[in-house]
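Below, chain A is the first sequence line, B the second, and so on; all start at residue 1.
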Protein chains: 2
Amino acid sequence: MGRVNQFDVSWGAPRPERADAARNRQHLIATAREMIAELGQERLTMDALAERSGLGKGTVFRRFGTRAGIFQALLDDGERAFQEQVLSGPPPLGPGAPPLDRLISYGQARVRFLVEHQEIARAALDGRQPIPSGSQSPLSQAHIRMLLGQIDLGPADLDLLAIQLTAALDGPLLLYVSATDLNRAPDQVERRLLPGWHDLVRRICRP
Amino acid sequence: MGRVNQFDVSWGAPRPERADAARNRQHLIATAREMIAELGQERLTMDALAERSGLGKGTVFRRFGTRAGIFQALLDDGERAFQEQVLSGPPPLGPGAPPLDRLISYGQARVRFLVEHQEIARAALDGRQPIPSGSQSPLSQAHIRMLLGQIDLGPADLDLLAIQLTAALDGPLLLYVSATDLNRAPDQVERRLLPGWHDLVRRICRP
DNA sequence: AGCATAACCGGACTTTACCCCGCTTACGTA
DNA sequence: TACGTAAGCGGGGTAAAGTCCGGTTATGCT
């Protein structure tokens, strides 16, 4: 909800969004959610979204820039809510617990988040964009980086380590686990991935 | 080179490819390489590829199924050659060295491979495909899995660990490192990623 | 060799992401 | 409150991905 348009990457909004534009974005996102629920992501077309919203095609594209942009916006939206839990919710996810515990439960929460938003997350990938589309999951990466800073790891490239961990967390879901598995048995997937993350973090962070 | 068409996922070819089809695939791959070198991946269109090859559009699509399929084929091609080095080349990459050393140098070789084929690798991603397009880099994953099996890691989900490591290896390049950085200073990227991989593996595999 | 059949070929056709540009509307200033 | 202007709007236009199907060619069998 904070961003002005698809080019506004910086957080401090340089200029407030015009009222009608904000209204339209809201409406577009809501309509997109409806259509995805009804038809599935692969049948969400830009034209149909525009028509059902009662807006012009041009508007849709100015808002989101590209088809993948819609899904990124949707994901951002969900991620923002999720991130609030993480930043100010109860321990061990929120502050108060030892950083290692927070890291572990963060990963577990994110696995659940990604399983839930799996369809949208896949559609937000875009092979044509030269730069990682909107730089994938920067919030997640930043949070992991922050927690790593509070753990004593000796000399290490913490920024890179955070990137690697983020990839090890997101990758198995987005790229490597078959969609069939996920749809048929999301529970089983979680039962495997959650301990996997736990184990990975323990291995990396032990002295 | 081995696969009959985009639906043939199994390795043992059920039926040999017809001679003209094989010739056309060869020719298409070669032409695609030329055009990418001349124009860049984003300007490689299916129509242009067909015309320049002197073939019909239908042929191109039957061969590769989708635009991303072309890039997957190109990547497969390169990966196969790379994999031979790994399976039968000299140590520490090839067999003969201790598995931990092989794992480390494998990652380093793969980083170089991905930096080199970066453009194609990105284009091989496809957000619309419900299943991880051809299941991304299965060869790499299998090799890592094999090496992990030769290292004493105590009780662990080795298959999942291999997936996580593959993601931690590929992810930073495909998703998180900006394309600008890569193009301007591939050397610097390597200088950072190579030690990063070394460090990650040491952390995970120490007793 | 001759034939049946399955695979392959090509290019016209459809769908859809994305661009363009003249018109309209909201907001800062006087 | 009136005005100038920058931002927003909409829908027709383009190009490229992906589909279809009638015609063609390779291959196995006799």
Would you mind listing every salt bridge (Lys or Arg N to Asp or Glu O under 4.0 Å) that reaches into residues 42-51 of chain A, with sequence neighbours excluded?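 As it turns out, the salt bridge (Lys or Arg N to Asp or Glu O under 4.0 Å) pairs with a partner in residues 42-51 of chain A, which skip direct neighbours, are A:D47-A:K57.
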Residues pairing under salt bridge (Lys or Arg N to Asp or Glu O under 4.0 Å) where one sits in residues 138-150 of chain A, two or more places apart or in two chains, turn out to be A:R145-A:D159
Set of side chain to side chain contact (heavy atoms under 4.5 Å, CB included) partners for B:Q150, sequence neighbours left out: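 Here the qualifying residues are B:P99, B:M146, B:L147.
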The criterion is side chain to side chain donor-acceptor pair (under 3.5 Å); which residues satisfy it with [X], sequence neighbours excluded?
X	result
B:D157	A:R192
B:R102	none
A:R52	A:E34, A:E38
B:D199	B:R203

Whole-Å distance between [N] [atom2] and [X] [atom1]?
X	N	atom1	atom2	value
A:L55	D:dG12	CG	C1'	17 Å
A:F64	C:dC19	CZ	C1'	18 Å
A:L28	D:dG8	CG	P	14 Å
A:L49	C:dC18	CG	C1'	14 Å
A:R23	D:dA7	CZ	P	19 Å
A:D20	D:dA6	CG	P	17 Å
A:E42	C:dT15	CD	P	17 Å

Under 4.0 Å between any heavy atoms, over every strand shown, what does A:A19 touch: base, sugar-phosphate, or nothing? Just pick one.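 Sugar-phosphate, backbone atoms only, no base.
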Summarise protein proximity over nucleotides 15-22 of chain D in one line of letters, 5' to 3': B for base, S for sugar-phosphate only, - for none, counting protein heavy atoms closer than 4.0 Å. -SBBB---
For the helix from C:dA1-D:dT30 to C:dA30-D:dT1, what is the angle between the axes at its two ends, each from 5 pairs, rounded to 10°? 30°
Does B:N24 have a side-chain nitrogen or oxygen under 4.0 Å from the phosphate oxygens OP1 or OP2 of C:dC8?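 Answer is no, no contact under 4.0 Å.
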Please list residues of residues 30-39 of chain B whose heavy atoms come under 4.0 Å from any atom in DNA chain D, ordered by number; otherwise none.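 Those residues whose heavy atoms fall under 4.0 Å from DNA chain D, taken from residues 30-39 of chain B, amount to none.
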Compute whether any side-chain donor of one residue and acceptor of the other, for B:R67 and B:Q41, lie under 3.5 angstrom apart.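 Indeed, the side chains of B:R67 and B:Q41 share at least one donor-acceptor pair under 3.5 Å.
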Short N-O contact, B:D77 and B:R33, less than 4.0 angstrom: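 Yes, charged N to carboxylate O under 4.0 Å.
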Sequence neighbours left out, cut at 3.5 Å: what donor-acceptor pairs do the side chains of residues 84-95 of chain B make with other protein atoms?
residue: B:S88; atom: OG; partner: B:E84; partner atom: O; Å: 3.0

Please list, chain by chain and in numerical order, all residues satisfying salt bridge (Lys or Arg N to Asp or Glu O under 4.0 Å) with A:R112, sequence neighbours excluded. A:E190
